[in-house]
Amino acid sequence: MASSTPHVILLQVNGLERPVFEKLANGAAIKPGHLLDSDGTDVVPHAVAKAAVVKMVAIEHGFRETAGTTVNIETAYPDNDTVLFIYPQTGDLVYMILKSGENVAAGAALEAATGGELQAFTDGFVIGHAEAAVNAAGAAARIKVRIG
């Protein structure tokens, strides 16, 4: 039986394929699905909640060896590793991370949180909308985000 849990970050594109870019991780462990920021040379998880951002999302490394049953989307890029990422476009469906303590309904607007994660929109910059309801009350959780 096929898994109902996605094992890739870019689930659907609006139009053509998205080119994949790469930069080195700077200091922090970056997980596929993290919203990223660049210092010009390297990438780090986006650190400023509610900020207007260039939408950059880390994706899984398709050829990375994983330990045991850990899937590629749960394997973090270590410091100084080459991080693969995309610039998702409006209408793309991306499997990102909702920060711990959040509980959002389907269609809820989402904004940047800290650590490369997302949170429910308050007064920041809308990254996209939740494709389905997700309860991350106890721990950060994966969320399908329709980029806006």
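All of these numbers come straight from a predicted model, not from anything done at the bench.
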Would M56 and F125 show up in the same hydrophobic cluster when neighbours are defined by side-chain heavy atoms closer than 4.5 Å?
yes

Taking the side chain as everything from C-beta on, heavy atoms only, tell me whether F121 gets closer than 4.5 Å to E111.
yes

Within-4.5 Å side-chain heavy-atom neighbours: K144 and Q12:
no

Is a side-chain N or O of E131 found less than 3.5 angstrom from the main chain of R146, in a donor-acceptor match?
no

State, yes or no, whether a side-chain contact exists between T75 and H61 at a heavy-atom distance under 4.5 Å.
no

Walk me through it: do Y95 and V8 pass the test side-chain contact (heavy atoms from CB on, under 4.5 Å)?
CA-CA 7 Å; Y95 205 34; V8 295; over 6 Å; no

Do I86 and F21 sit in one hydrophobic cluster, given that two such residues count as connected whenever their side-chain heavy atoms are within less than 4.5 Å of each other, even indirectly?
yes

Answer yes if L11 and V13 sit in the same cluster of Ile, Leu, Val, Met, Phe, Trp and Tyr residues linked by side chain heavy atoms under 4.5 Å apart, and no otherwise.
yes

Between A112 and L35, which heavy-atom pair has the shortest distance, and what is it?
CB-CD2, 3.8 Å

With no hydrogens and no angle check, is any side-chain donor or acceptor of N26 less than 3.5 Å from a backbone partner on V44?
no

Smallest heavy-atom separation, P45 atom then A29 atom, equals CG-O, 4.1 Å

Answer yes or no: are there more than 12 heavy-atom neighbours, outside E22 itself, under 6.0 Å from its atom CD?
no

Is there a donor-acceptor contact under 3.5 Å from the side chain of K55 to the main chain of G148?
yes

With the side chain counted from C-beta on, respond yes when D37 and H46 share a heavy-atom pair under 4.5 Å apart, and no when they do not.
yes

Indicate yes or no: at least one non-hydrogen side-chain atom of T114 is less than 4.5 angstrom from one of V48.
no

Check against side-chain contact (heavy atoms from CB on, under 4.5 Å), D123 and K50
CA-CA 7 Å; D123 60 358; K50 304 180 185 184; 3.1 Å; yes

Please check: side-chain N/O of N135 versus main-chain N/O of N103, any donor-acceptor pairing under 3.5 Å?
no

Checking Q89 side chain against N14 main chain: does a donor-acceptor pair fall under 3.5 Å?
no

List the steps and the verdict of side-chain contact (heavy atoms from CB on, under 4.5 Å) for V104 and L118.
CA-CA 11 Å; V104 298; L118 300 178; over 6 Å; no

If you take all heavy atoms of G27 and D79, which pair is closest and at what distance?
N-OD1, 2.6 Å

Write down the atom of I30, the atom of A25, and the distance for their closest heavy-atom approach.
CD1-CB, 4.0 Å

Would you please test Q119 and I127 for side-chain contact (heavy atoms from CB on, under 4.5 Å) and show each step?
CA-CA 10 Å; Q119 64 188 19; I127 300 295; over 6 Å; no

I'd like to know if the side chain of H34 and the backbone of I97 have a donor-acceptor N/O pair within less than 3.5 Å.
no

Considering only heavy atoms from C-beta outward, does the side chain of V94 approach that of L10 to under 4.5 Å?
yes

With hydrophobic residues grouped by side-chain heavy-atom distances under 4.5 Å, do V57 and V20 end up in a single group?
yes

